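Everything below concerns the one structure shown next.
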Amino acid sequence: MLRALERYKGVALFDSGVGGLTVAGEIMRQLPFEPLVYFGDTANMPYGPRPAWQVRSFVYRIIDFLLTQQIKMIIVACNAATAAGLEYYRERVKLPLLGVIEPGVRAALAQTRNGRVGVIGTSGTIQSGAYQQVFQRLAPHITLFSQACPLFVLIVENELTRSPEVYGIAEEYLSPLKQAGVDTLILGCTHYPLLVEVIGAVMGPEVKLISSAAETAREARRILTEMDLLHPGGDALLHRFYVSGPAKKFSAAAVKLLEKEVKAFQVILDNEAPLLV
Ligand code: DGL
């Protein structure tokens, strides 16, 4: 009986901003009956340049908030937050909790033919060596080339993806990976699928671009199925969106990305009890 009620709870996702919506969109496609609870920590965005301890301190507050929201699973829809310490978050939470790095690595392994894989991400993710560690564990024969692209998140959050300078910035970041002859490139930041056109144009059509969103959604479906927690459907679907920064700006971006009606609410997490603004 209890298990039956658990199925109706939400799947929670969080990111520093709109990037995690690329994962949310994929969950909506693959798990169309699951109500989502999304948190965008826009007041603290970007996470990428921050030290891991600070990112973890933001994540702890987000998780504490999400746990008040009737949820059955947490997806860390942010590479920088995943790299800062998935194992720490798992210690604090009894629910299934998954990150985006391992699913991205698995998707890349399924694609590469020449064993030369690139990964791009925020400075925090690249410096953490989190991707190297997962490749080392799952496929030590792969040669991994990493590149931080710190401006990409700000380009996406400020809706500058179509500005003329972006191509040159992308070319500067990506040319070492092109020269290295990678045949597969992991978009190791959930914001980067929103720059897929320019990244694809720079890398060329022969390089496969990997977004971890689809693989993460598959993993979420596998876990929910295994735990008998899939939503049975039949209810009117109610997604909830929360942000720590201004809600209007986030809602407008989310409507464009998800092509759905989104009304986000601002929540201040600095207080002991979260304050809904
Ligand atoms: N979207 C986040 C990621 O996947 C990072 C963005 C940020 O730097 O805040 O890494």
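Only a predicted model underlies this, so the values are computations on that prediction, with no experimental measurement involved.
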NZ/NE/NH1/NH2 to OD/OE distance under 4.0 Å, Lys178 and Glu171: no
Any Met45 side-chain heavy atom under 4.5 Å of Leu154 side chain: yes
Contact summary for Thr161 and Leu194, nearest pair of heavy atoms: CG2-O, 3.8 Å
Smallest separation among heavy atoms of Leu237 and Pro35, with atom names: CD1-N, 3.7 Å
Residue pair Thr190 / Asn79: nearest heavy atoms and the distance that separates them: N-ND2, 3.4 Å
Heavy-atom side-chain contact between Arg56 and Tyr60 under 4.5 Å: yes
Beyond-backbone contact of Lys256 with Glu159, side-chain heavy atoms, under 4.5 angstrom: yes
Non-hydrogen atoms of Gly99 and Thr82 that approach each other most closely: CA-OG1, 3.7 Å
Arg221, Arg7, Lys72, Lys9 screened by side chain to side chain donor-acceptor pair (under 3.5 Å) with Glu34, the one that passes: Lys72
Gly20 backbone acceptor or donor facing Tyr38 side chain under 3.5 Å: yes
Lys248 to Phe250, cation-pi by 6.0 Å centre distance and 45° axis angle: no
More than 12 heavy atoms of other groups within 6.0 Å of Tyr167 OH: yes
Residues which pass side chain to side chain contact (heavy atoms under 4.5 Å, CB included) with Asn44, listed by chain and number, not counting sequence neighbours: Asp41, Tyr47, Arg50, Phe58, Arg61
Side chains of Thr125 and Thr122, donor plus acceptor under 3.5 Å: yes
salt_bridge(Glu215, Arg218) N-O dist < 4.0 Å: yes
pair Leu209-Thr184: side-chain heavy atoms closer than 4.5 Å: no
Check: Leu174 and Gln147 side chains under 4.5 Å, non-hydrogen atoms: no
Within-4.5 Å side-chain heavy-atom neighbours: Phe135 and Val105: yes
Shortest non-hydrogen contact between Ile199 and Leu185, atoms and distance: CG2-CD2, 3.9 Å
Closest approach of His191 to Ser16 (non-hydrogen atoms, all atoms of both residues): CE1-OG, 3.8 Å
Check: Ile75 and Phe14 side chains under 4.5 Å, non-hydrogen atoms: no
Ala139: side chain to side chain contact (heavy atoms under 4.5 Å, CB included) partners, not counting sequence neighbours: Leu109, His141, Ile142
Distance-only side-chain donor-acceptor flag, Ser244 / Gln266, under 3.5 Å: no
Contacts of type ring pair (Phe, Tyr, Trp, His ring centres under 6.0 Å), residue Phe145, not counting sequence neighbours: none
Plane angle bin for Tyr8 and His231 - parallel if under 30°, tilted between 30 and 60°, otherwise perpendicular: perpendicular
